[in-house]
Peer 1: 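The structure follows.
Atoms within a ligand are numbered from 1 in the order they appear, just like the ligands themselves. Quantities reported herein were computed from a predicted structural model and do not represent experimental measurements.
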Amino acid sequence: MSSTGNINGWCANIIYWFDEVSERAGGVQTETLRQILVQNFEAEYLNKWLKGANIQEMDANALESLYTSVVPLVSHADLESYIQRIADGEKEPLLTQEPIKFLSLSSGTSEGRQKLVPFTQHSSKTTLQIFKLGAAYRSRAYPAREGGRNLEFIYSSKGFMRTRGGIRVGTATAHYYASDEFKLKQEETKSFTCSPEAVISSGDYKQSTYCHLLLGIHFSDQVEFVTSTFAYSIVQAFSTFEEIWKEITNDIKEGKLSSRVSIQSARDAVLDIVFRPNRNLATRIQSICEELEKNDWFGVIQKLWPNAKYVYSIMTGAMLPYLTKLRHYAGDLPLVSGDYGSTESWIGVNLDPFSPPEKVTFAVVPTFSYFEFIPLHRQILGSNSAAADDFIEDNPVPLSQVKIGQEYEIVLTTFTGLYRCRLGDVVEIAGFHKNTPKLNFICRRKLILTVNIDKNTEKDLQLVVDKGSRILKKSRAELVDFTSHANVSNQPGHYVIYWEIKGDAEDRLIEECCDEMDASFVDHGYVVSRKCNTIGPLELCIVERGTFNKIMENFIANGASLSQFKTPRCTNNPALLTILSLYTVKRFHSTAYGP
Ligand code: AMP
């Protein structure tokens with residue numbers, strides 16, 4: 001098989017298009033804002049701020065100045081009453097001129113509660129567009145073969161919920177997988193997923209994962225790359241594979257499907273494909289897996305899919321903790337970091353597939369939304385301010401005025417009816433592609449751990465956990481997942497970190513990990529408070545194997561999708577705390593600041 005002229009054709013076109021809009025990024029942004037406002041200025045929310053302005057006649061620059069001076073910066077909570085009215089079925093244009101027919105549930109795992117965000121065909125179109133753009137750059141780096149397939153660990157929901165007003169509700173990924181754009185993606189990029197629609201939308205992630213793996217093996221020679229939205233899903237799938245590979249091999253050998261898959265539509269769809277016994281393939285897979293089992297499954301992806309060129313998924317931000325395991329499963333296959341976006345809007349594309357996930361940047365696509373950037377300056381000393389934030393902010397600037405090395409919070413104005421809405425993500429400007437900025441994802445802005453004057457973000461916690469878990473390497477144990485909680489129910493309050501580990505480690509070693517983490521928080525407020533004991537010793541709780549699966553299942557039971565799931569790195573959610581406390585098997589208290 002060879003790469004085709006056709007593939008080169010669409011790749012070249014979209015790369016040319018992106019270079020062109022990046023060259024004119026500032027002007028394209030102003031024009032994008034004009035389009036959003038012209039389309040929607042009669043909707044109630046915008047009309048409230050822009051009433052009387054002659055939007056149609058105004059030039060784009062004047063409109064940008066007017067808009068940013070009269071429409072306030074908001075957070076999602078400020079728009080919730082409008083979104084609720086849409087959900088209740090109000091017919092008047094509230095946020096957009098066109099009626100909103102779908103609402104997306106953002107994973108909301110960072111805030112512990114899911115948010116509803118408008119979703120329109122524009123959302124699916126931009127998903128298709130960013131996919132094609134990323135795919136074009138990947139195909140240049142790793143030319144694709146005609147007839148190739150992708151092994152995609154993707155999950156939609158079975159049917160959709162409806163609000164009281166009849167609006168369809170699902171995750172953004174579920175809406176997208178059900179859209180024409182998802183089918184178009186496969187046809188236009190000649191890149192077909194191994195699993196049919198009935199598997200993706202079975203609604204039961206365990207059954208879907210089984211089918212994805214089985215079909216991936218069925219198509220093993222054709223698989224070009226292995227992918228998921230967030231890296232967590234790939235790690236999850238291969239830890240399942242370690243347990244069930246014999247059953248899958250048996251299905252391949254006999255041309256049947258395990259009774260684990262009980263959803264009829266998924267069964268029928270899989271059996272339509274895997275209906276002939278394939279003893280040769282089964283024997284090959286069996287001998288590969290027997291070898292892999294002896295080596296703790298190092299390189300399983302590379303071994304099972306000999307023609308796969310890379311593993312592709314979002315590996316940055318909250319996914320960094322899964323990189324070690326992902327690298328282990330990938331073996332020598334390169335890891336290519338996926339693009340940057342949110343339920344609210346896609347933001348940036350990874351233009352350099354060779355860049356390791358730790359260094360990846362995302363070039364902002366200036367046609368997707370109107371982006372503003374709030375400059376953030378880190379406070380050196382902790383303060384007891386009511387704002388309880390770790391940054392001082394300046395006024396937002398447009399995309400054309402961002403500066404390399406500066407950190408910003410992203411603000412979105414979208415085609416789907418969000419106006420100057422803070423996303424809550426902190427990014428740093430790493431450079432430019434033509435005139436559009438390339439962003440480094442830094443962290444979610446929200447402070448996650450705070451007892452009094454201390455302020456630690458998700459990223460701070462991640463660094464601390466990295467340091468602590470390095471000590472585990474002295475044993476045969478490894479960290480599977482973690483979360484945390486600021487426990488202020490007793491005085492002094494203290495941090496609790498929950499670890500799920502695989503393998504055995506002596507208590508003495510875990511005590512060392514606990515001390516190391518306590519001593520590794522560099523936030524001045526934390527250090528001072530620990531020294532004078534206004535924050536108590538850090539507590540490390542070891543939870544039973546499988547606890548984090550239970551947490552994920554709890555989210556899924558509440559409407560989240562595995563495709564968008566991110567383990568909350570800090571939680572106050574009572575249901576989660578109950579699970580964590582129920583399955584805690586050991587507790588350790590730090591002596592880093594004295595006994
Ligand atoms: P959701 O709430 O499910 O829409 O998830 C969106 C959030 O996931 C973003 O606001 C980011 O915090 C995070 N995210 C999405 N893409 C990336 C990425 N490539 N790198 C790091 N974090 C990301």
Peer 1: Between Asp88 and Arg164 (salt bridge meaning N to carboxylate O under 4.0 Å), is one present in this structure?
Peer 2: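 Here Asp88 pairs with Arg164 in a salt bridge, since their nearest N and O are under 4.0 Å apart.
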
Peer 1: Give the single entry among Ser342, Gly341, Gly338, Gly317 that approaches atom 14 (N) of ligand 1 most closely by any heavy atom.
Peer 2: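 Considering heavy atoms of Ser342, Gly341, Gly338, Gly317, the nearest to atom 14 (N) of ligand 1 sits in Gly341.
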
Peer 1: If we set the cut-off at 4.0 Å for heavy atoms, which region of Tyr340 has an atom near ligand 1: side chain, backbone, both, or neither?
Peer 2: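 The answer is both, backbone and side chain.
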
Peer 1: Tyr45 and side-chain contact (heavy atoms from CB on, under 4.5 Å): which partner among Asn40, Asp78, Leu79, Leu418?
Peer 2: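 Only one of Asn40, Asp78, Leu79, Leu418 forms a side-chain contact (heavy atoms from CB on, under 4.5 Å) with Tyr45, namely Leu79.
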
Peer 1: Taking side chain as C-beta onward, heavy atoms only, is Tyr67 less than 4.5 Å from Tyr419?
Peer 2: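 When only atoms from C-beta onward are counted, Tyr419 and Tyr67 do touch, with a gap below 4.5 Å.
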
Peer 1: Output all residues satisfying salt bridge (Lys or Arg N to Asp or Glu O under 4.0 Å) with Arg327, sequence neighbours left out; order by chain, then residue number.
Peer 2: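 If we apply the salt bridge (Lys or Arg N to Asp or Glu O under 4.0 Å) test to Arg327, skipping adjacent residues, the hits are Glu358.
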
Peer 1: Considering only residues two or more places apart or on different chains, which pairs with a residue in residues 411-433 satisfy salt bridge (charged side-chain N to carboxylate O under 4.0 Å, His left out)?
Peer 2: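 Pairs touching residues 411-433 that pass the test: Glu372-Arg420, Glu393-Arg422, Glu409-Arg422, Asp425-Arg444.
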
Peer 1: Checking contacts here: is it the side chain or the backbone of Thr343 that comes within 4.0 Å of ligand 1, counting heavy atoms only? Could be both or neither.
Peer 2: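 Near ligand 1, Thr343 shows its backbone as well as its side chain.
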
Peer 1: If you count the atoms of ligand 1 from 1 in the order shown, which ones are under 4.0 Å from a heavy atom of Ser106?
Peer 2: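 What qualifies from ligand 1 is 2 (O).
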
Peer 1: Closer than 4.0 Å to some heavy atom of Arg444 - which atoms of ligand 1 meet that?
Peer 2: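 In order of number, 9 (C), 10 (O), 12 (O).
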
Peer 1: Any atoms of ligand 1 less than 4.0 Å from a non-hydrogen atom of Phe362? List them with their elements.
Peer 2: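 This gives 19 (N) as the contact atoms.
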
Peer 1: Is ligand 1 under 4.0 Å from a heavy atom in the side chain of Thr171, in the backbone, in both, or in neither?
Peer 2: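 It is neither; nothing of Thr171 touches ligand 1.
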
Peer 1: Could an N or O of ligand 1 be found under 3.5 Å from any N or O of Lys566, whether backbone or side chain?
Peer 2: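 Min N/O separation from ligand 1 is below 3.5 Å for Lys566.
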
Peer 1: May I ask you to check whether Glu344 has an N/O atom sitting below 3.5 Å from an N/O atom of ligand 1?
Peer 2: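 Glu344 vs ligand 1: no N/O contact under 3.5 Å.
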
Peer 1: How does Asp425 reach ligand 1, if at all, at less than 4.0 Å between non-hydrogen atoms: by side chain, backbone, both, or neither?
Peer 2: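 The answer is the side chain.
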
Peer 1: Taking 4.0 angstrom as the limit, do Lys206 and Glu553 come out as a salt bridge?
Peer 2: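 Looking at Glu553 together with Lys206, the answer is yes, because their closest N to O distance falls below 4.0 Å.
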
Peer 1: Would Val360 count as a contact of ligand 1 if the rule is a heavy atom under 4.0 Å away?
Peer 2: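 Under 4.0 Å: no for Val360.
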
Peer 1: With a 4.0 Å heavy-atom cut-off (strictly under), which part of Met319 contacts ligand 1: side chain, backbone, both or neither?
Peer 2: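 For Met319, there is no contact with ligand 1 at all, from either part.
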
Peer 1: Please identify which of these residues, Phe102, Tyr155, Phe182, meets the ring-ring contact (aromatic ring centres under 6.0 Å, His included) condition with Tyr176.
Peer 2: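 Output: one option passes, namely Phe182.
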
Peer 1: Could you tell me whether a side-chain N or O of Asp19 sits under 3.5 Å from a main-chain N or O of Tyr16, the two making a donor and an acceptor?
Peer 2: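 Answer holds: no.
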
